[in-house]
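Letters go in sequence order (proteins before strands), and every chain restarts at 1.
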Amino acid sequence: MVLRVLRSMIGLLLFVQVSVASAVLDIEIIGAGEHQIPIAIVPFGGDDLLAKTINAVVMGDLQRSGLFRPVDLAGKAPHELSEVSYPDWQARGADALVIGSVALQANGRIEARFRLLDVVKQAELSGQAVSANGDQVRAVGHRVADLIYEKLTGDKGVFGTRIAYVNRQGKKFSLIVADSDGYNEQTVLAQNEPIMSPAWSPDGSHLAYVSFETGHAVVYVQSLYTNQRTVLADFHGSNSAPAWSPDGKQMAVVLTRDGSSQIYLVRPDGSGLRRITFSGVIDTEPNFSPDGQSLLFTSDRGGTAQIYSVPAGGGTEQRVTFGEGNNFSPRYSPDGKGFVYTHFINGKFYIAVQDIQNGQVEILTAGGWEKKPSFAPNGKLILFASEARGRGILATVSSDGRVQQHMFTQSGDAREPVWGPHL
Amino acid sequence: MKKLVICVLLVNLLAACASEKPKEVAAAAPETPAAKETVAAEPAAVAVDPLNDPANILAKRSVYFPFDVSAVQDADKPIVLAHGKYLNEHPSRKIRVEGNCDERGSNEYNLALGQRRAESVKKMLVLGGAKASQIETVSYGEEKPKATGHDEASWSQNRRSDIKY
């Protein structure tokens, strides 16, 4: 466990910061989960300022999941096990209690030690230490939230993962990488030409994306550690919609080099180009299944945009969405049993999920300007682009549709978000 | 209104290129021209490159599409054919055709649709006499909207291919 924490911290440290925006976000949470765990999270003792930030991050993360309900502390603030009176917390209806302390160490690192207590059984569930560089206080908070989440739900936490999106402000486009809650924005690329379709490599080390900086759509692959980048595809017309295979050895891209937009496979270094679809109409937005065996994609071969599947090496294509309206932007769930996509009907966009086996569809959102969904790596949350107060924003919805969160970035329109992998 | 303007421009084109075979342009000419505007726009001198004549049909560089459609519409065909003819007569000229879309659809689907809109204009330019090698096609999808509203007034302006010399 300690090793894993260390490894993820090292990953964070290696991120090259091109620039850090002063991220003041406005976050709204809408709805509540069906079975919420009542949890009391006591602000840590020790360094007050660090404790305050960590508390806000942990509370925000757990609430956003829809699985937790904060319990009022009523002025109680134990930091040590010896200070905990279980009956007090039972009386307040808490099932779980988090206490701890945080300190800035002589070497400049932050160390947080905390305990997760089962109030009902009056027992310690977990005791952990998390540490990070002095400027990574939010990362400490996300790690604490992940450890609490994992212990209480049995699922892997995703709060410490990162997201990528494009911010558009007037004619200026920026490719942004941020924490899962939208904070800690780092600009990977900024220019006055459009940027589209960021895609994470499976190990989180690279982003592929589409940039128009040379006057047309070209696919690039960029290292987030060194910022070095290579051209993946630059044929005439449009080069777009990059997607990584789960093993990171292949990429699917959409090219118009032979006519209409068709799907090709290529290695991440640009070699070994091979055409996969031959429809002569629009085939785009390929996404690999978690086992790497098949691709979902959007096509208008039936007259309107619908979702189809094809074996990853090419072969027989099958339509998978039916019914009224158009469907776009499919992405498999991490367990491969379903997929999330954008459903467009009667002038509104919705986020929907479909079961692969039985074809059952569930619309997760109320509808509006909701596009480009992607699953968190644990499959429990979905990130998508939405619109509120006249701006493009980031939003999440729990995979059962019960809890939504709107994240207002400081300025501009957030577009094309995609959730990154576990580091 | 758009049709009227096209008619006026067609009349001017015919006048400017009196020595040329007017047949294909005339065949595409729609109904009654507006007399009032014809007076206002005098035919340009023959020596002037018609491309630089604001009254020439070649001054029109944008064609528009219905939702999720990429075929050049009848009303815009004369414009595209005139550019094809111009390119035929000026084989050293090269152009870019830029396809654009409204924001309905995914960004990637619209990129593909915009490319198809650019390609369909290219095909008609070739039909009008241009060589394929004179034409580069690109798409901006929904990324560079001319109008930014969430309404048909904006969307209709954004479903567009631009011919750029």
Q: Can you name the nearest heavy-atom pair linking B:Glu108 to A:Ala241, along with the distance?
A: OE2-N, 2.7 Å
Q: Rounded to the nearest 0.5 Å, what separation is found between the CD1 atom of A:Ile282 and the CG atom of B:Asp68?
A: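 Reported value, rounded in 0.5 Å steps: 7.0 Å.
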Q: Working to the nearest 0.5 angstrom, can you tell me the gap between A:Ser240 OG and B:Asn107 CG?
A: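 Going from OG on A:Ser240 over to CG on B:Asn107, the span is 10.5 Å.
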Q: In Å and rounded to the nearest 0.5 Å, what is the OH to CG distance from B:Tyr109 to A:Asn326?
A: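 The OH atom of B:Tyr109 sits 7.0 Å away from the CG atom of A:Asn326.
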Q: Measure the CG-CD distance between A:Leu255 and B:Gln115 for me, rounded to the nearest 0.5 Å.
A: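 A:Leu255 CG to B:Gln115 CD: 11.0 Å, rounded to 0.5 Å.
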Q: Rounded to the nearest 0.5 Å, how far apart are CG of B:Leu111 and OG of A:Ser197?
A: 7.5 Å
Q: How about B:Glu98 and A:His216: do any of their side-chain heavy atoms sit closer than 4.5 Å?
A: no
Q: Among A:Lys372, A:Lys371, A:Glu285, A:Glu416, which one satisfies side chain to side chain donor-acceptor pair (under 3.5 Å) with B:Ser106?
A: A:Glu285
Q: More than 12 foreign heavy atoms under 6.0 Å from NZ of B:Lys131: is that the case here?
A: no
Q: Do A:Pro194 and B:Lys144 have side-chain heavy atoms sitting under 4.5 Å apart?
A: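 In contact.
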Q: Before you tell me yes or no, could you show the steps for A:Glu387 and B:His150 under side-chain hydrogen bond (donor to acceptor under 3.5 Å, both in side chains), namely the whole-Å CA-CA distance, both residues' side-chain angles and the distance that decides it to 0.1 Å?
A: CA-CA 11 Å; A:Glu387 203 182 72; B:His150 280 338; 2.7 Å; yes
Q: Among A:Glu193, A:His236, A:Lys171, which residue has the highest count of heavy-atom pairs closer than 4.5 Å to chain B?
A: A:Glu193
Q: Less than 4.5 Å apart, side chain to side chain, heavy atoms only: is that true for A:Val281 and B:Arg116?
A: yes
Q: Could you state the interatomic distance from CD (B:Glu143) to CE (A:Met196), rounded to the nearest 0.5 Å?
A: 5.0 Å
Q: Please classify the contact between A:Ser260 and chain B as side chain, backbone, both or neither, with a heavy-atom cut-off of under 4.5 Å.
A: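 Contact with chain B: none, neither part.
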Q: What part of B:Glu152 gets closer than 4.5 Å to chain A, counting heavy atoms only: side chain, backbone, both or neither?
A: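 Interface part for B:Glu152: neither.
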Q: Crowded around A:Glu213 CD? As in, over 12 foreign heavy atoms under 6.0 Å?
A: yes
Q: Kindly give the heavy-atom pair with the smallest separation between B:Arg104 and A:Phe349, and that separation in Å.
A: CA-CZ, 3.7 Å
Q: Determine whether more than 12 heavy atoms belonging to other residues, nucleotides or ligands lie under 6.0 Å from atom CG of A:Asn346.
A: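 No, the 6.0 Å shell around CG holds no more than 12 heavy atoms from other groups.
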